[in-house]
Amino acid sequence: MNDRAVSLFEKYDLTIEKTRKGRGAIIAETDKGTVALVEYSGPVDHLAVEEEVLRCIADRFDAPLDLIFKTSDEELYCSDYEGKKYIVKKYVEGTECNVADEDACEQAAGALARLHRAMRRIELSDGNDYLNKTDRLQEDFDRRTAEIVRTRNYIRKSPRKDEFELAFLRSYDRYLEQSATAYSFLDTECIASLNKKQQQESMLMHGDCTHHNVLFTGGSVTFVNFEKMGAHLQMKDVYLFMRKILEKNAWSYELAAKMLEAYEKELEVDKAEKYYLCARFLYPEKFWKIANGYLNRRKSVPARRQQEKLMAFEEMEEKRQLFLNKWLETCR
């Protein structure tokens with residue numbers, strides 16, 4: 001264990017027995033169980049909410065969670081000599097959800113519904129308005145579409161265009177039309193219904209619900225890394241999880257249907273929420289990410305890499321469209 005980790009662990013009421021390196025963490029065996037020391041870059045105020053919410057969820061959820069430890073001074077984080085912030089969490093030993101295992105993906109979807117049930121109607125002790133927010137999907141779509149348009153306009157002004165820029169212009173009209181179609185699912189009545197349900201249920205979402213944060217732990221399925229947790233429609237978690245799985249399984253409609261069915265066995269999904277999920281699937285998010293990456297170009301992302309990403313997206317587009325055609329039929 002390096003000197004930095006030693007000095008940080010000394011700020012906790014823990015007896016360290018042995019340590020090892022983990023993915024972005026130092027894992028330590030202690031007198032209070034296995035813990036993980038990880039760097040924290042989020043807002044400090046969020047930690048207090050996360051810690052309180054996780055303890056509430058732990059009483060309702062049937063699997064272990066990576067609860068945050070307090071320092072000897074009752075702080076939720078500590079800092080090193082460079083001012084970097086760190087937190088110590090309970091370490092949950094498990095295996096990441098295997099995206100190639102359909103049964104595992106179905107089990108994870110069912111577990112996500114149970115987690116979502118536990119993340120409703122939580123009252124915070126300090127009475128702040130953390131739970132009184134609404135999902136801003138329309139604003140998200142507007143912002144992303146504006147970036148796609150801005151990318152097109154920038155490229156059109158360029159006197160010399162490379163292969164990526166020419167390919168982007170060829171694809172632009174098609175994906176702009178898709179963004180408009182996605183937006184059409186969110187009429188005034190649908191948005192009102194979604195906002196009403198979110199406020200009535202005081203919904204919280206995980207916020208980073210990818211297969212990397214879904215762990216199979218000896219008979220149970222759990223979730224870790226709640227640092228992006230927030231007050232949003234829980235269907236956003238469902239979308240984030242399903243999209244990653246579907247991208248890695250050639251947009252299999254059958255798998256998507258099984259995952260949503262597993263979720264609905266645990267928690268009801270109403271018509272407005274299904275429309276929300278449709279809008280999310282319809283929106284060409286990958287194309288927006290490519291545009292965003294181009295606008296915010298870094299030396300570490302060469303034009304060749306952007307071209308490869310666009311080509312990979314285009315190659316999968318036919319299967320994505322076949323999936324969308326079937327998926328939309330189930331929602332109408």
Side-chain angles (χ1 to χ4, degrees), residues 23-25 36 38-58 60-61 63-68 76-77 85 87 89-90 92 94 96-97 99 108-122 124 128-141 143-144 194-195 197-199 201-215 221-247 259 263 266-267 269 273 276-277 279-281 283 285-286 288-289 292:
R23 179 189 293 172
V38 297
E39 187 175 348
Y40 179 74
S41 59
V44 173
D45 291 345
H46 185 278
L47 279 177
V49 177
E50 180 184 343
E51 191 266 346
E52 185 174 357
V53 169
L54 281 177
R55 294 196 181 280
C56 290
I57 298 171
R60 307 175 179 183
F61 191 54
L65 298 171
D66 53 348
L67 302 175
I68 302 172
L76 290 169
Y77 72 95
K85 297 179 179 66
I87 58 176
K89 303 190 292 183
K90 178 180 178 181
V92 180
E96 284 185 7
C97 179
V99 298
L112 179 58
R114 295 193 294 276
L115 176 70
H116 281 167
R117 186 187 303 118
M119 296 181 78
R120 294 184 178 187
R121 297 182 179 274
I122 295 177
L124 298 179
N128 66 32
D129 64 349
Y130 191 82
L131 304 184
N132 298 323
K133 300 177 183 177
T134 54
D135 190 275
R136 302 289 185 183
L137 181 58
Q138 288 175 307
E139 288 87 343
D140 282 351
F141 281 0
R143 175 179 55 81
R144 294 177 180 190
L194 291 170
N195 288 342
K197 183 167 185 177
Q198 182 182 340
Q199 292 173 348
E201 297 291 333
S202 297
M203 292 183 185
L204 287 172
M205 57 170 275
H206 180 281
D208 192 17
C209 198
T210 69
H211 58 284
H212 298 301
N213 291 327
V214 182
L215 298 183
V221 183
T222 194
F223 300 80
V224 294
N225 299 326
F226 286 79
E227 282 72 33
K228 294 183 180 180
M229 178 187 69
H232 291 281
L233 290 168
Q234 293 174 335
M235 277 294 104
K236 186 174 181 179
D237 271 344
V238 176
Y239 162 73
L240 290 172
F241 179 64
M242 289 183 66
R243 181 176 64 83
K244 285 290 186 181
I245 299 296
L246 295 175
E247 284 179 352
M259 290 170 67
Y263 185 94
E266 300 285 348
L267 196 59
V269 178
E273 288 176 310
Y276 174 95
L277 197 56
R280 282 283 184 184
F281 278 134
Y283 194 86
E285 183 162 339
K286 202 77 171 181
W288 162 72
K289 285 186 174 181
N292 178 266

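Keep in mind that what you see is a predicted model, and the values were worked out from it rather than measured.
- Contact check for R144 versus E285: side-chain heavy atoms found under the 4.5 Å cut-off.
- R60 places none of its side-chain heavy atoms less than 4.5 Å from the side chain of R117.
- The side-chain hydrogen bond (donor to acceptor under 3.5 Å, both in side chains) search around R55 returns E51, not counting sequence neighbours.
- Nearest approach of G110 to E266, heavy atoms of both residues: O-CG, 3.5 Å.
- Between L65 and K90, the closest side-chain pair of non-hydrogen atoms is not below 4.5 Å.
- The two atoms that bring L67 and A58 nearest to each other are CD2-CB, 4.4 Å, heavy atoms only.
- Minimum heavy-atom separation, C56 to I122: SG-CG2, 4.0 Å.
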Residue pair E247, R243: steps toward the salt bridge (charged side-chain N to carboxylate O under 4.0 Å, His left out) verdict
CA-CA 6 Å; E247 284 179 352; R243 181 176 64 83; 2.8 Å; yes

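- In this structure, the separation between NE2 on H206 and CZ on F223 is 7.5 Å, given to the nearest 0.5 Å.
- Taking the six-membered ring for Trp, Y263 and H116 have ring centres closer than 6.0 Å.
- Contact of the V214 side chain with the L112 side chain is not registered, since no non-hydrogen atoms from C-beta on lie closer than 4.5 Å.
- The distance from atom CG of L204 to atom CG of L54, rounded to the nearest 0.5 Å, is 10.0 Å.
- E227 has its side chain within reach of E50: a pair of non-hydrogen atoms, C-beta onward, lies under 4.5 Å apart.
- The CG atom of D237 lies 7.0 Å from the CE atom of M119; values are rounded to the nearest 0.5 Å.
- Here the shortest heavy-atom pairing between V221 and F61 reads O-CZ, 3.7 Å.
- Dense packing is recorded around NZ of K197, with more than 12 heavy atoms of other residues, nucleotides or ligands lying under 6.0 Å away.
- Interatomic distance, CE of M229 versus CE of M205, reported as 10.5 Å (0.5 Å rounding).
- Contact of the E273 side chain with the Q234 side chain is not registered, since no non-hydrogen atoms from C-beta on lie closer than 4.5 Å.
- Here the closest heavy-atom approach between residue F141 and residue A279 is recorded as CZ-O, 3.6 Å.
- Taking the side chain as every heavy atom from C-beta outward, V38 and I87 approach each other to under 4.5 Å.
- One side chain, D208 or N213, offers a donor N or O that lies under 3.5 Å from an acceptor on the other.
- The OH atom of Y283 sits 9.5 Å away from atom CG of D140, with the distance rounded to the nearest 0.5 Å.
- Using a cut-off of 4.0 Å between Lys/Arg side-chain N and Asp/Glu carboxylate O, E39 and K85 are scored as not salt-bridged.
- Using a 4.5 Å cut-off on side-chain heavy atoms (C-beta onward), H212 and R23 make contact.
- Within a 6.0 Å radius of NZ in K89, more than 12 heavy atoms belonging to other residues, nucleotides or ligands are found.
- Taking CZ of F226 as the start and CG of D66 as the end, the distance is 6.5 Å to the nearest 0.5 Å.
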